[in-house]
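Report on one structure; see the data block that follows.
In what follows, chains are A, B, ... by sequence order, proteins preceding strands, each numbered from 1.
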4 protein chains.
Amino acid sequence: MSPRKVKKEEKRREIALSCTDLIHEIGMKNITVAQVAKIAGIGKGTIYEYFENKEDIIFEIINIHIEKYNKDLVESLEKANSTKEKLELFFKLVLEDDEENLKHFNGYKEFLSIVLSEENPRMKEFNCNKNEFFRAKLLKIFEDGVQKGELKNESLALVDGILTYQKGLALRKMSQNNFDTKQNFKQFIDAIFKLIRLEK
Amino acid sequence: MSPRKVKKEEKRREIALSCTDLIHEIGMKNITVAQVAKIAGIGKGTIYEYFENKEDIIFEIINIHIEKYNKDLVESLEKANSTKEKLELFFKLVLEDDEENLKHFNGYKEFLSIVLSEENPRMKEFNCNKNEFFRAKLLKIFEDGVQKGELKNESLALVDGILTYQKGLALRKMSQNNFDTKQNFKQFIDAIFKLIRLEK
Amino acid sequence: MSPRKVKKEEKRREIALSCTDLIHEIGMKNITVAQVAKIAGIGKGTIYEYFENKEDIIFEIINIHIEKYNKDLVESLEKANSTKEKLELFFKLVLEDDEENLKHFNGYKEFLSIVLSEENPRMKEFNCNKNEFFRAKLLKIFEDGVQKGELKNESLALVDGILTYQKGLALRKMSQNNFDTKQNFKQFIDAIFKLIRLEK
Amino acid sequence: MSPRKVKKEEKRREIALSCTDLIHEIGMKNITVAQVAKIAGIGKGTIYEYFENKEDIIFEIINIHIEKYNKDLVESLEKANSTKEKLELFFKLVLEDDEENLKHFNGYKEFLSIVLSEENPRMKEFNCNKNEFFRAKLLKIFEDGVQKGELKNESLALVDGILTYQKGLALRKMSQNNFDTKQNFKQFIDAIFKLIRLEK
DNA sequence: AATGAATGAGATTTCATTCAT
DNA sequence: TATGAATGAAATCTCATTCAT
């Protein structure tokens, strides 16, 4: 990238980051360009020097959040030992209820709402890319498990199902009132593990 | 219900049904009250004799679609024999790709988008009610399977996980570009069935 | 009046009276024809058998209230002795703060608001008629005072001014936040009485 | 005020002033935002850069009219000599019938109609402020009269009563068909002056 | 005489985006 | 490069009144 482009990229981040708090208050969709400009301390017109349109702003915000989440996930996965531990980290987004994580979760919820509502190919593609990233991570977890002799070989066939199950957990947590995510997870994963764990 | 109320209820349905096609063209959220009135062949003001507000119209449309889908599901479940057959019927919404079913699926997608985006407690509650209905159906399928000696007793513990998995399938189909729903389903369900099927 | 007309007149009153409470809650202007019909226990269309239009309903309501107030005023004036006593009764509408009187006052306020806002000749004429009625009453009070030797002859020239002053008191009470009506009245009337009272 | 703010203030005035004629034709309440925008030669959306809402536009219009009237009043009062002359100037709004003054009078009428009709605390408070301004002016007139030896000391006690009387004159002129404002004023004020004027 | 279903004109307000400076 | 004033399309909802039954 040219130095020019790099600078632009930096400014995009800066602007997007400046409205993090605002977004958690009123939501991505409800934010106005005027608000973004004000909170970023620049003019409304200037926004359009760095972003194509409003959607592009939202895109950048989502991007930052997800990149951050992914980075944290990768780091924590590296420190984990057992397969089950890793799996729990992998499900952290839907299981953990501390403030930090809830922010990520709600951001993801808003992101999904956009993907579902609009015919927005760019967002959809972005979603696919991220999915592949996550799939690769999950696959790695299982492969490591197999290599370490923790899991049966056949367990690799479950990766996609578990990925799907994770999406389902997210959706249910997002759309149901008193959904007990943890209990649903525990029951299901325990059962699955019975199936795929190698008896030593 | 008084005859009065019944008539109102009928008219609501009639109006809501009249815009089925329009909805599939432009989406529930994008519809305008003026359009609904025109297509229903009545005045704009008349709409408000039967609906509280625009949201109420969308609500009725969703309701009709879901009720219809549920009715069909129940009927087809009654005719099915094996547990696996029933399970496939239960997953029909996300698996089948004929026009009729795609309409239901897209309706469900729009519905979810609304549930996720707005602070719309009514929709959310409605979603919860329907979820319970579906959970009951799935549980029944498994209980019948156990009773008929097809499934292990412990398989009942998987009901909630599978329900969640179904949501995940829906979400992935909605939000990913070339997601192979059927293959994901087959792989996962086959594996699960290995676990829970009684060897005869 | 023909018996038919009399019956119509009675029904008008009945309908108008039925919404007295509602009016005090939400105001004459804010009432809807549907509400009037419901509270009167008749159909919306039936309203138009007895009233020309919505304005006509309001007109009837105002009429009833003012007639009632006038009747009470005349009765109480007959029982009063001294001129000053009578004058206080004459100012009762703006001075007294009990619930009953406040209802009349607020009704009058709404009435004035209508007279001022619309170019409503009928209301305006009605207002003039009532004004003449009140002027006659006030004049009578003063004439009696003169005849009884309480007041100077010239005091009759003040009748119109005092009538005007009373309107001013009403307007200020209606439009100012902490207007001390009683104190304004006392100070003014005392001063006036010094001027017009005959020393005995 | 920042230059920013000053410009906004100026533009508010400019927009409000541009619809003066329109208002006299159709009334403040009947004006639409679209009409204001058109007559001001700007877009509908631009209106909302300078005004909170429609009420705010009306508010500005009233403000301008009243400020203008007050300024003229203060100027003319300075030029007047005798107390009676000043008093006549003070009553000018209700007495004079030239076009210029009638516009102010009708503006005041519309303003009062709003104050009486709506639960509009802002307008009511504004009314109170202006009332205090006028009361101060009237008091000054009387104090000067006393100081110059034209009026008795006690006449100061009449200030509030006369202010009230003036409101009454306004209200009657607004709400009665053939009310003879001048005659009512002359008769009343002459009588009052007999009471309060010092014989020299 | 009584009804109440149907009507539709009409007005406010928001906000992403442009463009002249 | 930065700005922010100007834009205007677009959509909801109310309610007095009519009229067929």
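Taking the ring centroids of Tyr108(A) and Tyr69(A), they lie at or beyond the 6.0 Å cut-off.
For the pair Lys103(C)/His65(C), no side-chain contact is recorded, criterion being any heavy-atom separation below 4.5 Å from C-beta on. At a threshold of 4.5 Å between non-hydrogen side-chain atoms, the residues Asn63(A) and Glu67(A) count as touching.
Distance NZ (Lys7(A)) to P (dT1(F)): 9 Å, rounded to an integer number of Å. Atom P of nucleotide dA11(F) and atom NZ of Lys38(B) are separated by 14 Å, given to the nearest angstrom.
Among the atoms of the strands shown, only primed sugar atoms or phosphate atoms (P, OP1, OP2) are found under 4.0 Å from some heavy atom of Ile42(A). When heavy atoms are screened at a 4.0 angstrom cut-off, Tyr50(A) is found touching the sugar-phosphate backbone but no base atom.
Between the side chain of Glu60(A) and the backbone N or O of Arg12(A), no donor-acceptor pair lies under 3.5 Å. Between the side chain of Lys8(C) and the backbone N or O of Glu49(C) there is at least one donor-acceptor pair closer than 3.5 Å. Under the 3.5 Å distance criterion, the side-chain polar atoms of Lys54(C) are matched with a main-chain donor or acceptor of Ile31(C).
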Within the 4.0 Å limit for protein heavy atoms, which parts of nucleotides 14-21 of chain F are touched? Write it as a string from 5' to 3', B for base, S for sugar-phosphate only, - for none.
BBSBB---
Please, what dot-bracket string fits DNA chain F when only Watson-Crick and G-U pairs with both distances under 3.5 Å count, crossing ones use [ ] and pairs to another strand use |?
.||||||||||||||||||||
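Residue-to-nucleotide proximity on DNA chain E shows that, of Lys11(B) and Gly43(C), the 5′-proximal contact is made by Gly43(C).
Residues passing the side-chain contact (heavy atoms from CB on, under 4.5 Å) test with Asn53(C) are Glu55(C), Asp56(C), sequence neighbours excluded.
A 6.0 Å sphere centred on NZ of Lys38(A) holds no more than 12 heavy atoms belonging to other residues, nucleotides or ligands.
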